**Q** 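Sharing a structure below in structure tokens format, with a few things to ask.
In listed order, ligands and their atoms are each counted from 1. Here the structure is a predicted model, which is why all the values come from computation and not from measurement. All residue numbers refer to positions in the sequence shown, counting from 1.
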Amino acid sequence: MPVRAPIHLSAPDVGPAEEAAVLRALRSGWATPFGPEVDAFEQEIARRVGVPYALALNSGTAALHLGLLSCGVGPGQLVLVPTVTFVATANAVLHAGATPYFVDCDPATGNVDVGLLGEVIADLHRAGRRIGAVMPVDMFGSCVDYDPLLALCREADLAVIEDSAEALGSTYRGRCAGSFGDAGVLSFSHNKMITTSGGGMLLSHDAQLIARARHRANQARIPAAHHEHDEMGFNYRLSNILAAVGRAQLARLDELLARRRRIREHYTKLFAPVNGVEVLADSDPGTNCWLTVITVDPHLSGWQAADLASHLAQADIETRPAWKPMHRQPLFAGAEARLTGAADQLFARGLTLPSGTSLNEQQIARITDEVENFLRQRS
Ligand SMILES: *Cc1c(COP(=O)(O)O)cnc(C)c1O
């Protein structure tokens, strides 16, 4: 039997353009955590997202951390975080010395339930608790409902750090993900919309905020012949070589977005006739289609998301449950949370399907065949 390569959720999609960029950066002599590729990458991302200032960093988590610190978040403060997210969002709150408070999601999108968030803010203020910031996350590439969220945060005078790690290229009412908060964050990890193999970006409309973060990202070093430091800093800068990879990826963003959208449309068609199966955030016109997540109502379908997952696993096709909610993580046992049950249901019913731009037509056909086999067996 021929060896069948496994199919992954979202494998890096790199080729000759990225290879040429690495060579260019290496040959330029700037094998450094600063340099012309970093400067150009910052400018190009800022232009694409529609913000004036950007800071390249070595991870999205570092960008979240510095975003929180630059907004003055620290010990003794609560930070409101969606319970449906990747752990990096909540870890950044811990890194800043603050305490995450988890808020449940809108079942249609997996994004924070903005109405519930409003209740939490009102209740915490009534109880005299200190809230340092709110961190909306653009889950799976679908923007949060920003009009009411920003109105709420403006009213309560709360800083917003937007976690757009999954949402480069997404839009909400004509504006780009990453441009909504006091600070916005992108990730260029291996499985994101574009990759530098590891990296991130902090975005802002506020020059001072980015300047403060830039200072901390470089060990809080003051320009002086000797090494002088005026506060606690970090080594968070992005390699100039990796910034070159990021520029090559960014130049391909429209192509990558079109490809993810085609994969999403394929899944939408494939599951349209299946009773009880929905594509998460299917009505969002601005999504970048980063990962396609289906939800399975077992009472209507007669099977569970996990049944399809194990069928596909036998065919070497990777799937994953939707993010396990933070309030269910051992790390956050005992953390405060405001829950409706929506996140728990999304975790029980959601399944993330292979969505990467490096999937070829044969692999998509293989996934389709296996899903159809499974559905035939179940009907
Ligand atoms: C990937 C991701 C991050 C963190 O990005 P890294 O670059 O891996 O540090 C943060 N938040 C969310 C929601 C993510 O998906």
Side-chain angles (χ1 to χ4, degrees), residues 8-12 41 45 54-69 79-96 100 102-103 105-106 109-112 133-144 160-170 177-178 180-181 183-203 213 217 234-239 242-243 245-246 249-250 260 280-281 287-293 320-327 329 331-332 343 346-347 350 352 355-356:
H8 296 290
L9 270 191
S10 183
F41 189 36
I45 285 279
L55 170 63
L57 296 162
N58 57 18
S59 74
T61 309
L64 290 166
H65 182 195
L66 291 184
L68 287 163
L69 294 183
V79 176
L80 305 187
V81 176
T83 192
V84 178
T85 187
F86 177 54
V87 72
T89 321
N91 267 337
V93 176
L94 300 182
H95 296 165
F102 298 112
V103 182
C105 71
D106 172 346
T109 62
N111 281 329
V112 68
V134 177
M135 296 177 88
V137 182
D138 301 321
M139 194 40 54
F140 303 115
S142 246
C143 280
V144 171
V160 174
I161 291 111
E162 177 191 2
D163 183 346
S164 296
E166 304 174 358
L168 176 62
S170 302
F180 292 97
V185 167
L186 298 174
S187 166
F188 312 123
S189 192
H190 63 289
N191 61 0
K192 296 289 161 62
M193 258 333 274
I194 68 170
T195 186
T196 58
S197 76
M201 194 82 77
L202 184 67
L203 307 167
F234 305 90
N235 179 10
Y236 275 174
R237 291 177 301 171
L238 181 67
S239 153
L242 299 184
V245 175
Q249 288 262 285
L250 182 60
R260 295 239 183 206
L280 192 71
T287 175
N288 64 3
C289 304
W290 174 56
L291 292 182
T292 296
V293 179
R320 200 182 290 155
W323 296 124
K324 180 170 184 174
M326 291 303 110
H327 72 270
Q329 297 288 353
L331 170 63
F332 295 112
L346 180 58
F347 181 56
T352 308
S355 312

**Q** Within the structure, is a non-hydrogen atom of Lys192 found at a distance of less than 4.0 Å from ligand 1?
**A**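 Yes, Lys192 has a heavy atom closer than 4.0 Å to ligand 1.
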
**Q** Heavy-atom contacts under 4.0 Å between Thr61 and ligand 1: side chain, backbone, both, or neither?
**A**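 The answer is both, backbone and side chain.
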
**Q** Measuring from the heavy atoms of Gly199, does anything fall under 4.0 Å of ligand 1?
**A**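 Contact check Gly199 vs ligand 1: positive.
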
**Q** Quick one: look at Ser59 and ligand 1, take heavy-atom pairs under 4.0 Å, and tell me if it's side chain, backbone, both or neither.
**A**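 Within the 4.0 Å criterion, Ser59 contacts ligand 1 through backbone and side-chain atoms alike.
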
**Q** Among all protein heavy atoms in this structure, tell me which lies nearest to atom 11 (N) of ligand 1, with the distance rounded to 0.1 Å.
**A**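 Nearest protein contact, heavy atoms only, for atom 11 (N) of ligand 1 is Asp163 OD2, 2.7 Å.
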
**Q** With heavy atoms of Gly60 as the reference, note each atom of ligand 1 found under 4.0 Å away.
**A**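 Listed by number with element, the hits are 5 (O), 6 (P), 7 (O), 9 (O).
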
**Q** In terms of side-chain heavy atoms, does Ser10 have a donor or acceptor partner in Arg260 at a distance below 3.5 Å?
**A**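 The criterion, which ignores hydrogens and geometry beyond distance, is satisfied for Arg260 and Ser10.
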
**Q** Below 4.0 angstrom from a heavy atom of Ala88, which ligand 1 atoms are there? Numbered from 1 as shown, please.
**A**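 Result: 3 (C), 4 (C), 10 (C).
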
**Q** Is there a polar contact, in the sense of an N or O pair closer than 3.5 Å, between Trp290 and ligand 1?
**A**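 No, no N or O pair falls under 3.5 Å.
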
**Q** Which of parallel (below 30°), tilted (30 to 60°) and perpendicular (above 60°) describes Phe140 and Trp290?
**A**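 The rings of Phe140 and Trp290 lie parallel, inter-plane angle below 30°.
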
**Q** Has ligand 1 got any nitrogen or oxygen that is less than 3.5 angstrom from a nitrogen or oxygen of Thr85?
**A**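 No; every N/O pair is 3.5 Å or more apart.
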
**Q** What protein heavy atom is closest to atom 15 (O) of ligand 1, reported as residue, atom name and distance in Å?
**A**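 Looking at atom 15 (O) of ligand 1, the protein heavy atom closest to it is Glu166 OE2, 2.6 Å.
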
